Protein chains: 2
Amino acid sequence: MVSSMTKMTEATYFILAALLEAPLHGYGIIKRAGDQSAGRVKLAVGTLYGALDRLTEAGLVVLDREEVVDGRPRRYYRITEDGVVAVRQEAVRLQQAARVVTGQIAVMGA
Amino acid sequence: MVSSMTKMTEATYFILAALLEAPLHGYGIIKRAGDQSAGRVKLAVGTLYGALDRLTEAGLVVLDREEVVDGRPRRYYRITEDGVVAVRQEAVRLQQAARVVTGQIAVMGA
DNA sequence: GGACCATATATCGGGACCCGATATATGGTC
DNA sequence: GACCATATATCGGGTCCCGATATATGGTCC
């Protein structure tokens with residue numbers, strides 16, 4: 001159980017974000033990431049499956065269930081509690097990074 | 001003259017952000033990036049000089065001037081207009097990415 | 001019937017990039 | 001003299017992205 005990923009890549013972030021609402025299978029994650037980013041994020045399949053393996057190993061996602069639809073297998077992944085925490089922390093980091101350039105710093109945490 | 005970098009790395013982003021106010025030399029960039037991010041970003045020297053070379057080649061920064069202080073050379077880098085545009089675009093992207101998780105989507109552009 | 005595309009998973013290899021280690025040099029502190 | 005901050009530069013290992021490729025099904029189009 002890897003507690004904290006110091007650095008999260010963009011692909012990893014959007015994969016976790018795509019899973020926040022409900023478990024999805026690989027192809028569904030790619031499409032949802034594209035939708036959520038207004039088409040800006042296009043996850044390559046090579047990126048996705050490698051990242052899913054790493055996320056599973058890190059305990060941020062787990063294999064939810066497997067289905068077979070029309071002979072094609074569907075493997076659904078689910079985000080874990082650790083994954084939710086991680087993706088929210090990353091969202092805060094992204095927002096703070098954006099503010100460095102945007103100008104409204106107004107740090108209130110510490 | 002590389003018009004648009006589709007993808008900007010975090011190190012690149014903080015280097016450009018550090019140069020927004022005034023030209024700085026390498027070591028100054030490292031310190032300023034650390035300050036601006038409240039100590040979260042620690043640029044390694046190997047990262048810095050490689051990134052500066054790439055940014056220079058891309059036309060986002062230029063060598064401003066060279067000074068010699070106490071026998072130690074100081075090489076100041078300056079952000080270009082293209083660099084300013086690029087880092088501001090990236091800030092918007094980061095903010096939008098953060099909002100995917102934060103929840104307040106409210107997309108207004110298109 | 002055949003071409004093509006969307007869906008769906010998986011692997012491989014090239015390339016980009018981060019980053020610690022290492023090297024070199026100066027001046028101040030202990 | 002040892003050590004540290006300043007300052008630049010390079011090299012090599014490792015991580016990760018991503019296009020190409022492979023395999024398989026079912027629908028659309030001609």
Side-chain angles (χ1 to χ4, degrees), chain A residues 2 4-16 18-19 23-35 37 40-58 60-61 63-77 86 90 93 97, chain B residues 2 4-16 18-19 23-35 37 40-58 60-61 63-77 86 90 93 97:
Chain A
V2 179
S4 69
M5 301 179 85
T6 320
K7 196 142 234 174
M8 186 182 294
T9 65
E10 200 189 23
T12 297
Y13 175 75
F14 278 102
I15 290 171
L16 290 178
L19 293 175
L24 285 174
H25 60 283
Y27 220 74
I29 293 173
I30 291 175
K31 286 189 296 183
R32 179 146 177 80
D35 290 349
S37 66
R40 259 170 284 110
V41 176
K42 294 182 210 304
L43 290 175
V45 291
T47 305
L48 178 77
Y49 292 107
L52 278 177
D53 287 347
R54 273 174 258 127
L55 285 168
T56 300
E57 199 188 354
L60 302 188
V61 305
L63 184 60
D64 190 63
R65 66 186 188 279
E66 291 190 46
E67 292 179 1
V68 176
V69 178
D70 292 325
R72 276 177 260 114
R74 281 189 184 173
R75 192 161 295 165
Y76 282 80
Y77 291 89
E90 181 67 12
R93 277 191 56 232
Chain B
V2 179
S4 68
M5 300 179 85
T6 321
K7 197 141 234 172
M8 186 182 292
T9 65
E10 199 188 25
T12 297
Y13 175 75
F14 277 102
I15 290 171
L16 290 178
L19 294 173
L24 285 174
H25 60 283
Y27 220 75
I29 293 173
I30 291 176
K31 285 189 296 183
R32 180 146 176 81
D35 290 349
S37 67
R40 260 170 283 110
V41 176
K42 295 181 211 302
L43 290 174
V45 291
T47 305
L48 178 77
Y49 292 106
L52 278 177
D53 288 347
R54 273 174 258 127
L55 285 168
T56 301
E57 199 189 354
L60 301 188
V61 305
L63 184 60
D64 190 64
R65 66 188 188 278
E66 291 190 46
E67 290 180 3
V68 175
V69 178
D70 293 325
R72 278 177 261 113
R74 280 189 185 173
R75 191 162 295 165
Y76 283 80
Y77 291 89
E90 181 66 11
R93 275 190 56 231

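Below, chains carry the letters A, B, ... as their sequence lines are ordered, and counting in each starts from 1. Predicted, not measured: the structure shown is a model, and the values here were computed from it.
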Seminar exercise, completed: Taken to the nearest 0.5 Å, the spacing of T12(A) OG1 from R54(A) CZ works out to 6.0 Å
For this session: State whether K7(A) places a side-chain N or O below 4.0 Å from either non-bridging phosphate oxygen (OP1 or OP2) of dC19(C).
Result: yes
Problem set entry | Minimal non-hydrogen separation, Y13(A) against A97(B), with atom names | OH-O, 2.6 Å
Exercise. Does T9(B) put a side-chain nitrogen or oxygen below 4.0 Å from OP1 or OP2 of dC18(C)?
Worked result: yes
Problem set entry | Side chain R72(A) and base dT25(D) donor-acceptor under 3.5 Å | yes
Problem set entry | Nucleotide nearest R75(B) (side chain, heavy atoms from C-beta), chosen from dC17(D), dA9(D), dA8(C) | dA9(D)
Exercise. Just checking V45(A): base, sugar-phosphate only, or nothing, at a heavy-atom cut-off of under 4.0 Å?
Worked result: base
Exercise. Looking at NE2 of H25(B) and CZ of R65(B), how far apart are the two atoms once the value is rounded to the nearest 0.5 Å?
Worked result: 10.0 Å
Seminar exercise, completed: Whole-Å distance, L52(B) CG to dC17(C) C1', equals 14 Å
Exercise. Between A18(B) and L24(B), which heavy-atom pair has the shortest distance, and what is it?
Worked result: O-CD1, 3.6 Å
Exercise. OP1 or OP2 of dC18(C) less than 4.0 angstrom from a side-chain nitrogen or oxygen of K42(B), does that happen here?
Worked result: no
For this session: Return no unless some side-chain N or O of R54(B) is found under 4.0 Å from OP1 or OP2 of dA16(C).
Result: no
Exercise. For the residue pair Y49(B) and G26(B), what are the closest heavy atoms and their distance?
Worked result: OH-CA, 4.2 Å
Exercise. Quick one: D53(A) CG to dA10(C) P, roughly how many Å, whole number?
Worked result: 8 Å
Exercise. If only side-chain N and O atoms of Y49(A) are considered, is one of them under 4.0 Å from the OP1 or OP2 phosphate oxygen of dA10(C)?
Worked result: no
Exercise. Which stems, defined as runs of 3 or more consecutive Watson-Crick or G-U wobble pairs with both pairing distances under 3.5 Å, involve DNA chain D?
Worked result: C:1-30 with D:1-30
For this session: Ignoring hydrogens and angles, tell me if any N or O in the side chain of Y77(B) forms a donor-acceptor pair with the backbone of I15(B) under 3.5 Å.
Result: no
For this session: Would you indicate what G26(B) reaches in the nucleic acid, counting non-hydrogen atoms under 4.0 angstrom: base, sugar-phosphate, or nothing?
Result: sugar-phosphate
Exercise. Nearest-Å distance, CD1 (I30(B)) to P (dA7(D))?
Worked result: 10 Å
For this session: Check side-chain contact (heavy atoms from CB on, under 4.5 Å) between D64(B) and all other residues, then give those that pass, not counting sequence neighbours.
Result: P23(B), Y76(B), R78(B)
Exercise. Reckon T47(A) has a side-chain N or O less than 4.0 Å from the OP1 or OP2 of dC18(D)?
Worked result: yes
